[in-house]
Amino acid sequence: MLLPRSDSIHPNFNQDLQRFLFGREYQIDELPFPEDMIRQHVRKGLIALRRGVEAVDDGLFSLLLGSRRWVCRRCGNSDPGLFGSCACGRCRKSCVYCRRCLNMGVVRSCTELATWVGPEPVRQPVTPGGNGGLCEWTGTLSGEQAAAAAELVRCLNEGHSFLIWAVTGSGKTELMFPAIEYALLRGERVVLTTPRTDVVRELFPRMKASFPSVPVSALYAGSEDRIPDAPLVISTTHQLIRFHRCFDRVFIDEVDAFPFHFDPMLEYAVQKAAKEGAPFAYLSATPPPRLKNAYLRGDLKGTKIARRFHGHPLPVPLFCWAGNWKKSVAQGFLPPAMLKWIKGKMEAGIQIFLFVPSVSLLRELTELLQREALDHVAGVHAEDPDRHVKVTLFREGRIRILVTTTILERGVTVPAVEAAVFGADDPVFDERALVQIAGRVGRSPEYPAGDVVFFHNGRTLEMVRARRHIEQMNEEGGF
Amino acid sequence: MNGTHCLICGGIRQDPLTVRTLLLAGTDPGFCKNCRRKLAPIDLDDCCASCGRDLRLIDKSFVSGSVCSDCRNWAKSGRNGLFGRNRSLFTYNEWMKEIITMFKFRGDALLAEGFRTEFRSVYRKLKGSGWENLRDWLKTGERRAAGVKYIIVPIPLSKERLQERGFNQAVLLAELLGEPLTHALVRPGSERKQSKKNRRERLMIRKNPFLFNEEAAGSISGHKVLLIDDIYTTGATLRFAAGALEAAGPQRIDSLTLAHG
Ligand SMILES: [Zn+2]
Ligand SMILES: [Zn+2]
Ligand SMILES: [Zn+2]
Ligand SMILES: [Zn+2]
């Protein structure tokens, strides 16, 4: 018997299967349901199947080349170098498989991906609190923030996507609250996604505290806060790959953060996770060119917030020539200009973020600084196993100088810190990275200013653009 | 398939540019230097004459006459039958373990391609040089049987396992040799996962998991057979396979595996 319960309301299908498969896409044999049950639902038109890897028809091109181009329907891969083929033990043919999303279990051309296309499961409505709302955040939005928040709500309701271009330290997370609350009250499914695990981990407790009556699920590798069917999901972009036409509204925080704007797989994942026609809200201090241009042309609605929440201007970076910094590190000394600046800050009791272009340079520079008898210097990079510990020690003020690669360009906020870039003319430091780095400084109302110094061996266009970007924002902020 | 990127890490391979690589539109798929360096290749001139293990890695007290103590035990056990010798390309170190996991369990079949050159060159050595063949001939007087050609038999998976995994890793490795394969063995029933058994358990199992495929009888009789598998662990699997083939009257049975360990 197929239907153990609720026969009277839904005589047609299995509700457990519906709940499991709605908004998701799985291989048939990954599903914890018997295959014949799934096939019955397919026949009734409640589950749709498609091939995991399909040939794309690009007409004459493939005819001429005599080879076919493939696309993986799970991860969107269409790079011919990222497919393999072998004699398949299942379909008994030569079968193509996707190498890009292998770590989630192999998808082949004979694999069938299943998703629910029947009626959407009815969800228990979330119950509003005493104030008739769901959001119990006690802070207040500035006039500028409130106006942007209202506009965001309005645009999303009209089904339009929206860009919030807000300077670093403008409090853009809180600005999303009204729009999220509105959607949740309407019984919609909302996802807040970001490329960085660090950011998800930081956002999750804040969202839970702000929406105490709403089940909130956090999705990142190793997360223990997964709640099935939660109406509010905080997720790394990567984790969205298993979703399929699930969310009514999508909020993307730090939309320009690495690796999102380099990785077409993540973009595909977000597009696939959203319901067709679902509006997107993009949040960034440094929107990627595609979004920025769409906004400037008027194709994408949005708003700019040029003022920090504490009402002080952004610190403008200083350029300081440091000679051939690569050579001086190789010869074992620090450029005098930089050493002088660092010593001055140490004497004044100021903590420093020191950004470097590479991991090898990070090691050498950290050692040089330690040799200069500067205490409490530590280096941290993406693969550093002690990364979280070092960041915590820096927050607590026990590490005074933190040498880092661009990995800490966003997310980590320390009250009275100042920042320098060693080798700002290196190509890894583009306008976006430099603006984000400058944005580390002066974030708290108690210490709204501080130095941002770019030590370089010849100013680059990106450095100049970053400074102009910040000056322009300050101008727009009325300074 | 373009071969400029490493099959394992995706990095640029930086193969030395030779006239050949410059002229070819696409190079063969393979690994980068860094991924290759972590492999432990076995020197065929310094391996156990019987099982092909790297003799540099074991204490000399376990070796006598370039045969390791495990192999002397096999010989004493009387279970060698027609099984002659095994050769393996690499020692099963941590890195090889990772590669085999990616290849076999994660299903990245293409990784096999990275071993094509080595697989073929060890195969050529196993077949033997013209001189060795001549010597054999002088010794035995059997010209036809000596060193001419191997019948290549991949170790089969059970139906269930093949369904689950999607491909047979031994077949993929055997295909690297570019010669016809003979599916002379079948593996009925569901074997418990070999990797989950401990060494003792593996050695204790008495029942042969393989059956001879009668259809292949004609092609085996009087020929040299080369079994292909991914790993030589205790040697029990390969000896069972050899045992199942014995009735078909092969001249001798050798084996070739990717890893030893
Ligand atoms: Zn894929
Ligand atoms: Zn197949
Ligand atoms: Zn590699
Ligand atoms: Zn041996």
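Proteins come first, then strands; the chains are lettered A, B, ... in the order of their sequence lines, and each starts at number 1.
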Check: Given A:Leu31 and A:Ile38, is the side-chain contact (heavy atoms from CB on, under 4.5 Å) satisfied, shown in steps?
Finding: CA-CA 9 Å; A:Leu31 292 169; A:Ile38 294 161; 3.6 Å; yes

Next item on the list: Can you tell which part of B:Asp108 gets under 4.5 Å to a heavy atom of chain A, answering side chain, backbone, both or neither?
Entry: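 The answer is both parts of B:Asp108.
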
Heavy-atom proximity to chain B below 4.5 Å, by part of [X]:
X	value
A:Arg99	side chain
A:Asn103	both
A:Arg92	side chain

Checklist line | Most chain B-contacting option - heavy-atom pairs closer than 4.5 Å, from A:Gly89, A:Cys95, A:Cys91 | finding: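 Option with the greatest count: A:Gly89.
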
Margin query: Salt bridge check, A:Lys272 against A:Glu267: does any charged N sit closer than 4.0 Å to a carboxylate O?
Written below: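 Result for this pair is no, no salt bridge flagged.
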
Notebook entry, point to check: Are A:Arg242 and A:Glu30 ion-paired here, with the side-chain N under 4.0 Å from a carboxylate O?
Noted result: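 Salt bridge present between A:Arg242 and A:Glu30.
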
Next item on the list: Pick whichever of B:Lys159, B:Met102, B:Glu113, B:Gln163 has the most heavy-atom pairs under 4.5 Å with chain A.
Entry: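 Ranked by contacts with chain A, first place is B:Gln163.
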
Checklist line | Greatest number of heavy atom pairs closer than 4.5 Å to chain A - which of B:Gly166, B:Ala112, B:Gly10, B:Ala109 | finding: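 It is B:Gly166.
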
Next item on the list: Measure the SG-CG distance between A:Cys86 and B:Leu110 for me, rounded to the nearest 0.5 Å.
Entry: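 Here the interatomic distance stands at 9.0 Å.
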
Checklist line | Close side-chain approach of B:Glu164 and B:Leu157, heavy atoms under 4.5 Å | finding: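 SC-SC contact between B:Glu164 and B:Leu157 ruled out.
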
Note to self: Quick one, A:Phe20 and A:Pro32 - any side-chain contact, counting heavy atoms below 4.5 Å?
What the structure shows: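 Counting from C-beta outward, A:Phe20 and A:Pro32 do come under 4.5 Å.
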
